[in-house]
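Worksheet: one structure, shown below.
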Amino acid sequence: MSYRFKEEMSKKERFAGGHRLCAGCGAPVVVRAVLRALDEGDKAAIVSATGCLQASTFPYPYVTWEDSWLHSAFENAGATISGVEAASKALAARGKIPEGARCIAFGGDGGTYDIGFQSLSGALERGHDFMYVCYDNEAYMNTGIQRSSSTSRFADTTTSPAGSVIPGKPQNKKNLTEIVIAHRIPYVAQTTMLGNFADLHQKAHRGIYTPGPAFLNVMAPCPRGWRYDTPKLMEICKLAVETCVWPLFEVIDGEEWILNYEPKKKLPVEEFLRPQGRFRHMFKPGNEWMIQAYQEEVDRRWERLLSRCR
């Protein structure tokens with residue numbers, strides 16, 4: 001599909017201002033971009049798992065969401081959106097609501113990679129018609145910046161503190177996108193916030209309007225947990241892509257792998273790590289091995305992705 005930036009930006013907002021999310025947070029930017037991908041006039045039923053996004057957009061009795069919205073528990077957004085999708089079809093068949101409501105679920109990495117994964121996996125396997133959007137900020141930010149399985153290796157969090165005992169989180173980041181691809185659902189994509197939002201918008205539109213389950217994994221940096229200057233949100237995302245820490249790609253039916261962007265000059269991972277306080281210890285004398293290990297893992301995953309896309 002074509003992308004007309006001015007037209008998309010002129011659409012009526014479906015995510016109101018006045019929410020309590022932090023300045024420089026990636027989550028509200030992701031949500032606004034995803035909801036703009038809905039065609040004008042279409043109705044949406046939205047589920048949000050417990051987390052930063054839910055807590056900051058529903059300070060009772062106020063709500064940020066313009067569409068129908070439901071708060072699910074931390075661990076069951078996949079089951080909840082499954083029920084919403086089934087109910088909307090049943091009600092439409094009885095003529096009680098219009099047909100074609102688009103079902104979208106949002107969850108952070110804690111509620112998606114970890115405690116919500118069983119619910120998501122079940123919903124994908126059953127083939128419900130919805131799109132799940134993970135805003136990946138790489139930790140349980142809402143409850144105190146604890147590590148999740150999405151947290152990058154060596155990241156300093158409150159439960160993986162970098163010090164004399166451990167060098168930050170010891171394990172590599174889980175590759176959830178590949179795990180979801182293994183479900184062989186119609187559409188899976190990985191993206192983030194870049195430039196004029198074309199990549200994010202186009203993938204969100206494809207996911208919303210592809211029949212059956214779709215999954216969008218979106219890097220959404222957190223200024224509190226990642227410890228960067230708030231105006232650098234977009235710069236951090238761009239560096240993640242240019243270093244191949246967060247490649248942009250999509251997969252159709254679990255088989256057709258499409259690489260959306262390949263850097264002309266792949267930057268070293270230091271460019272992505274240096275602006276973030278959570279990786280500051282990696283640049284201390286004697287810790288060069290950490291940067292080398294991080295680079296080796298990024299290179300391994302990048303080459304694996306290239307071989308699949310080519």
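Bear in mind that the values here come from a model prediction, so they are computed numbers and not experimental data. The first residue of the sequence shown is numbered 1, and numbering continues consecutively from there.
- For Glu297, the side-chain hydrogen bond (donor to acceptor under 3.5 Å, both in side chains) test picks out Arg300, Arg301, with sequence neighbours left out.
- In this structure, Arg227 pairs ionically with Asp156, as a charged nitrogen and a carboxylate oxygen lie closer than 4.0 Å.
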Using residues 15-31 as the side-chain source, report each donor-acceptor pair under 3.5 Å to any protein atom, sequence neighbours left out, with the distance given to one decimal.
from	atom 1	to	atom 2	distance (Å)
His19	ND1	Leu21	N	3.3
Arg20	NH1	Gly18	O	3.2

Quiz prompt | side-chain hydrogen bond (donor to acceptor under 3.5 Å, both in side chains) assessment of Tyr209 paired with Asp42 | solution = CA-CA 11 Å; Tyr209 291 99; Asp42 280 0; 2.6 Å; yes

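- Taking CD1 from Ile115 and OG1 from Thr50, the interatomic distance works out to 8.0 Å, rounded to the nearest 0.5 Å.
- Between Arg36 and Glu13, at least one side-chain nitrogen of the basic residue sits less than 4.0 Å from a carboxylate oxygen of the acidic one, meeting the salt-bridge criterion.
- Judged by distance alone, with hydrogens and angles left aside, the side-chain atoms of Gln295 form a donor-acceptor pair with the main-chain N or O of Val269 at under 3.5 Å.
- Residue Arg126 qualifies as enclosed at atom CZ: its count of foreign heavy atoms under 6.0 Å is above 12.
- Applying the 6.0 Å contact sphere to OH of Tyr62 captures no more than 12 heavy atoms from other residues, nucleotides or ligands.
- How far CD of Glu85 is from CZ of Phe130: 8.5 Å, rounded to the nearest 0.5 Å.
- Checking Asp199 against Thr191 by side-chain atom types alone, a donor-acceptor pair falls below 3.5 Å.
- The pair Glu99-Lys43 fails the salt-bridge criterion, with no side-chain N (NZ, NE, NH1 or NH2) lying under 4.0 Å from an Asp/Glu carboxylate O.
- Taking the six-membered ring wherever Trp is involved, the centroid distance between the rings of Tyr294 and Trp289 does not fall below 6.0 Å.
- The main-chain N or O of Asn137 is found under 3.5 Å from a side-chain atom of Asp109 such that the two form a donor-acceptor pair.
- When only modelled atom types and interatomic distance are considered, Gln146 and Thr158 share no side-chain donor-acceptor pair under 3.5 Å.
- Ion pairing of Lys238 with Glu271 is absent here, as no side-chain N (NZ or NE/NH1/NH2) approaches a carboxylate O to less than 4.0 Å.
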Quiz item: So Asn217 and Tyr113, side-chain hydrogen bond (donor to acceptor under 3.5 Å, both in side chains) or not? Walk me through it.
Solution: CA-CA 10 Å; Asn217 204 1; Tyr113 281 67; 3.0 Å; yes

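- There is no side-chain donor-acceptor pair under 3.5 Å between Glu125 and His183.
- A salt bridge does not link Glu242 with Lys265: every distance from a Lys NZ or Arg NE/NH1/NH2 to an Asp or Glu carboxylate oxygen is 4.0 Å or more.
- Using a 4.0 Å cut-off between a side-chain N of Lys or Arg and a carboxylate O of Asp or Glu, Arg308 and Glu256 do not qualify as a salt bridge.
- When atom types are taken as modelled, the side chain of Gln171 and the backbone of Phe154 share no donor-acceptor pair closer than 3.5 angstrom.
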Self-check item: Full working for salt bridge (charged side-chain N to carboxylate O under 4.0 Å, His left out) between Glu255 and Arg184
Solution: CA-CA 8 Å; Glu255 295 185 355; Arg184 301 179 69 83; 2.3 Å; yes

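- Under a hydrophobic clustering in which Ile, Leu, Val, Met, Phe, Trp and Tyr are joined whenever their side-chain heavy atoms come within less than 4.5 Å, directly or via other members, Met193 and Met9 fall into the same cluster.
- For the pair Lys174 and Phe117, the cation-pi criterion (under 6.0 Å, within 45° of the ring axis) is fulfilled.
- Heavy-atom neighbours of Lys11 NZ from other residues, nucleotides or ligands within 6.0 Å: above the threshold of 12.
- Under the 6.0 Å cut-off for aromatic ring centres, Trp69 and Phe58 qualify, their centroids lying closer than that.
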Exercise. Run the numbers on His201 and Asn196 for side-chain hydrogen bond (donor to acceptor under 3.5 Å, both in side chains), then give the verdict.
Key: CA-CA 9 Å; His201 175 271; Asn196 65 357; over 6 Å; no

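- With respect to Lys173, the side chain to side chain donor-acceptor pair (under 3.5 Å) criterion is satisfied by exactly one of Ser149, Ser150, Ser152: Ser150.
- By the 4.0 Å N-to-carboxylate-O rule, Arg278 lies close enough to Glu138 to be salt-bridged with it.
- For Glu288, the CD atom sits in a packed shell: over 12 heavy atoms of surrounding residues, nucleotides or ligands are nearer than 6.0 Å.
- Cluster membership for Val251 and Ile258, using ILVMFWY side-chain heavy atoms within less than 4.5 angstrom, is not shared.
- No continuous path of hydrophobic side-chain contacts links Tyr187 to Val133 [ILVMFWY only; heavy atoms under 4.5 Å].
- Judged by distance alone, the side chains of Thr157 and Tyr140 never bring a donor and an acceptor atom under 3.5 Å apart.
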